[in-house]
Amino acid sequence: MLGTLAIAAALTMTMASCSSDKETVENPAQPTQPTQPTTSGVTVTVGAGMATDGATTRSAVANDNGDRVLKFTEGDKLYVYGANNDVSIAGELTMVANSLSNDGLSAQFTGTLRAYDLSSGNEKTNYSWGEDPLFGTTATLIHKDINTDAISYTVGNSVTVNYNMYADDVETLMKTSLKVQGDYASGTGYTLSSSDPILNCTISGLTASTEYTFTLKKGNTSANNVTITTGADGTASFAFASMESGSATWSIETKQGNNNVGTISLGSQDFTAKVYSITRLWMNGAFHKLYTCNSSDWSSKISAFNAETSANPILQLSSDITVITETFIISRSNGIIDLNGHILGKIYLTNNTLNQSITLKNGTVRGDSRYDNAIDGVGGWTDFYYGTVILEDLTVQQGIYTDGHEYIIRSGNYQTIYHGKSGSCPGKLVIYGGYFNKTIEGPLQGAAVRGTYELYGGKYAVRPNDSWCASGYSVKSNTDSDSGTYPWIVSAN
């Protein structure tokens, strides 16, 4: 949650003491009776400190669905406004020089409040101030770097701020564009807070150097939008605050000019005043939830990937992960594992939903020479699975055990394939291309029986069975330059 700022007020020359690194302001100065001015206006000085809040942290921002703490920036201002009957009270308070604490959690503000006629907007020059001039007022934080063109005033000097509500990163957004306000409470002062959720977005896989518009939608209602030009790598990175919050079905609509690109489904969410990490990859005509993992955090990222509720998320390696123990297990029904050019030690696939697929692509699976397995199921020859596995652009250095899955191989370089099934599992091996250095009819054990084959292509070191070819295809002699290694191919008749 957003850490709140308690603001204790002292009038005229009375000053509130400023905390430096405490969670509370001890004995804040109380409002006192000001000297009755002979002209309009009364000077107030406001001390601010972090209120006690066990949920906040000392870090300014945690970027993954995390807590955030509001901090002042040197040069921030407060605009104070209140209205009662036919009179409004308004004034801009500037930060007192050298009052900002080292941690940014406390400061003092000073300025003059003036009274205005609500109907005409004219200043009331002989207004009689009560005991507490701040009673019934609201403070709005005016960020140091906000565009002054975004600030306007109505009759009676109520302030209106048209916040951009977006920035390149969360920290900049909180310093420049976040809507922060608080009501005054007699004896304790203001409590500033923001109810606006912040979405920290990284959208990759888009067209490079191209303008896109992203519109956050709460149900069918637009909550905010931002127009961003992607970088040379096709990535749009930005943070924006939603002008809506609460529980609803949320999505981000994406357009390139007037053309709809796609919709990022965020599902049913209860967005509150936190930072939410939204990471998506545009691939094959759809947005996918993206998880990146490395040699240090892969275990927790796999757990999150397996638990992800949206369809077809992507698990992408950012470094080699060379573990070969039975722990890199993909159990979800659908998704993409992108090795991203890296080496994976070994992977176990237990996806078990018929007609849904896991795609493994773009890298090397080293495998375990003790058992001749690089891609396998769990449970040896006793557990068999109903899901589909798609392999693309892989170099697999040890064997593959299909364990009842339907395997579809589009490209890559492979060793022995142990193709078995049991019961009603699909048990089908479909090959469209790739290089096969050993038999695709590895010996079976236990309850496994031979699965079926459907070959449309590929180059083979060991001649495949003619009966395995799809209708209209056959095994032929390879006449290419690599015929010495792969004497056999499958191609159309």
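Only this structure's heavy atoms are used, side chains among them; waters, hydrogens and symmetry mates stay out.
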Residue of the set Asn351, Ile375, Thr350 for which side-chain contact (heavy atoms from CB on, under 4.5 Å) holds with His405: Asn351
side-chain contact (heavy atoms from CB on, under 4.5 Å) partner of Leu360, the single match among Leu315, Val396, Ile337: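 Only one of Leu315, Val396, Ile337 forms a side-chain contact (heavy atoms from CB on, under 4.5 Å) with Leu360, namely Ile337.
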Does [X] use its side chain to pair, donor to acceptor, with the backbone of [Y] at less than 3.5 Å?
X      : Y      : value
Lys218 : Ser245 : yes
Thr230 : Thr207 : yes
Trp250 : Gln269 : yes
Asn306 : Ile330 : no
Asn260 : Gly262 : no
Tyr371 : Gly367 : no
Asp372 : Gly399 : yes
Lys438 : Thr416 : no
Ser300 : Asp297 : yes

Are side-chain heavy atoms of [X] and [Y] found at a separation under 4.5 Å?
X      : Y      : answer
Ile400 : Asn373 : no
Arg366 : Leu344 : no
Thr215 : Asn224 : no
Leu266 : Ile278 : yes
Leu206 : Tyr212 : yes
Thr263 : Ile252 : no
Asp76  : Leu141 : yes
Gln397 : Thr395 : yes

[X] and [Y]: which non-hydrogen atoms are nearest, and at how many Å?
X      : Y      : value
Ile440 : Pro464 : CD1-CB, 4.5 Å
Tyr291 : Pro313 : CE1-CB, 4.4 Å
Trp488 : Ser477 : CZ3-OG, 4.0 Å
Thr202 : Ser237 : CG2-OG, 3.9 Å
Tyr276 : Pro197 : CE1-CB, 4.1 Å

Salt bridge present between Asp393 and Lys361 (N-O < 4.0 angstrom):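 Salt bridge flag = no for Lys361 with Asp393.
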Sidechain N-carboxylate O distance under 4.0 Å for Asp482, Lys459: yes
Enumerate donor-acceptor pairs with a distance under 3.5 Å from any side-chain N or O in residues 280-288 to protein atoms, sequence neighbours excluded.
{"residue": "Arg280", "atom": "NH2", "partner": "Ser265", "partner atom": "O", "Å": "3.4"}
{"residue": "His288", "atom": "ND1", "partner": "Asn312", "partner atom": "O", "Å": "2.6"}
{"residue": "His288", "atom": "NE2", "partner": "Met283", "partner atom": "O", "Å": "3.2"}

Side chain to side chain contact (heavy atoms under 4.5 Å, CB included) assessment of Gln398 paired with Gln415: CA-CA 6 Å; Gln398 298 291 333; Gln415 307 302 318; 5.8 Å; no
Side chain to side chain contact (heavy atoms under 4.5 Å, CB included) between Ile358 and Ile390, worked out: CA-CA 6 Å; Ile358 292 290; Ile390 300 173; over 6 Å; no
Find the distance between [atom1] ([X]) and [atom2] ([Y]) and round it off to the nearest 0.5 Å.
X      : Y      : atom1 : atom2 : answer
Glu406 : Ser357 : CD    : OG    : 9.5 Å
His143 : Thr73  : NE2   : OG1   : 8.5 Å
Asp320 : Asn294 : CG    : CG    : 11.0 Å
Phe72  : Met95  : CZ    : CE    : 6.0 Å
Asp383 : Asn352 : CG    : CG    : 9.0 Å
Cys201 : Ile264 : SG    : CD1   : 7.0 Å

Intermediate values then yes/no, side chain to side chain contact (heavy atoms under 4.5 Å, CB included), Ile228 and Glu211: CA-CA 6 Å; Ile228 296 290; Glu211 190 174 86; over 6 Å; no
Intermediate values then yes/no, side-chain hydrogen bond (donor to acceptor under 3.5 Å, both in side chains), Asp183 and Thr138: CA-CA 4 Å; Asp183 295 331; Thr138 296; 2.7 Å; yes
Derivation and outcome, side-chain hydrogen bond (donor to acceptor under 3.5 Å, both in side chains), residues Ser491 and Lys476: CA-CA 7 Å; Ser491 64; Lys476 301 174 183 178; 3.2 Å; yes
Tyr453 and His419 aromatic ring geometry - parallel, tilted or perpendicular at 30°/60° bounds: perpendicular
Mutual orientation of the aromatic rings belonging to Trp381 and Tyr418 [parallel < 30°, tilted 30-60°, perpendicular > 60°]: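 If you compare the ring of Trp381 with that of Tyr418, the planes turn out perpendicular.
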Derivation and outcome, side-chain hydrogen bond (donor to acceptor under 3.5 Å, both in side chains), residues Asn465 and Ser467: CA-CA 5 Å; Asn465 193 313; Ser467 65; 2.8 Å; yes
Pair Phe328 + Tyr348: ring centers closer than 6.0 Å: no
Phe238-Tyr166 aromatic ring centre distance below 6.0 Å: no
Can you list, pair by pair, the side-chain donor-acceptor contacts under 3.5 Å of residues 421-435, counting residues two or more places apart and other chains?
{"residue": "Lys421", "atom": "NZ", "partner": "Cys425", "partner atom": "O", "Å": "3.1"}
{"residue": "Ser424", "atom": "OG", "partner": "Tyr386", "partner atom": "OH", "Å": "2.6"}
{"residue": "Lys428", "atom": "NZ", "partner": "Glu454", "partner atom": "OE1", "Å": "3.0"}

More than 12 heavy atoms of other groups within 6.0 Å of Lys77 NZ: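 Open.
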Side chain to side chain contact (heavy atoms under 4.5 Å, CB included) between Thr292 and Trp298, worked out: CA-CA 8 Å; Thr292 59; Trp298 62 269; over 6 Å; no
Working for side-chain hydrogen bond (donor to acceptor under 3.5 Å, both in side chains), residues Ser277 and Asn200: CA-CA 5 Å; Ser277 180; Asn200 188 34; 5.1 Å; no
Side chain to side chain donor-acceptor pair (under 3.5 Å) involving Ser333 - partner list, sequence neighbours excluded: Thr353
Step-by-step ring pair (Phe, Tyr, Trp, His ring centres under 6.0 Å) determination, Tyr414 to Phe436: CA-CA 5 Å; Tyr414 302 92; Phe436 299 87; 5.5 Å; yes
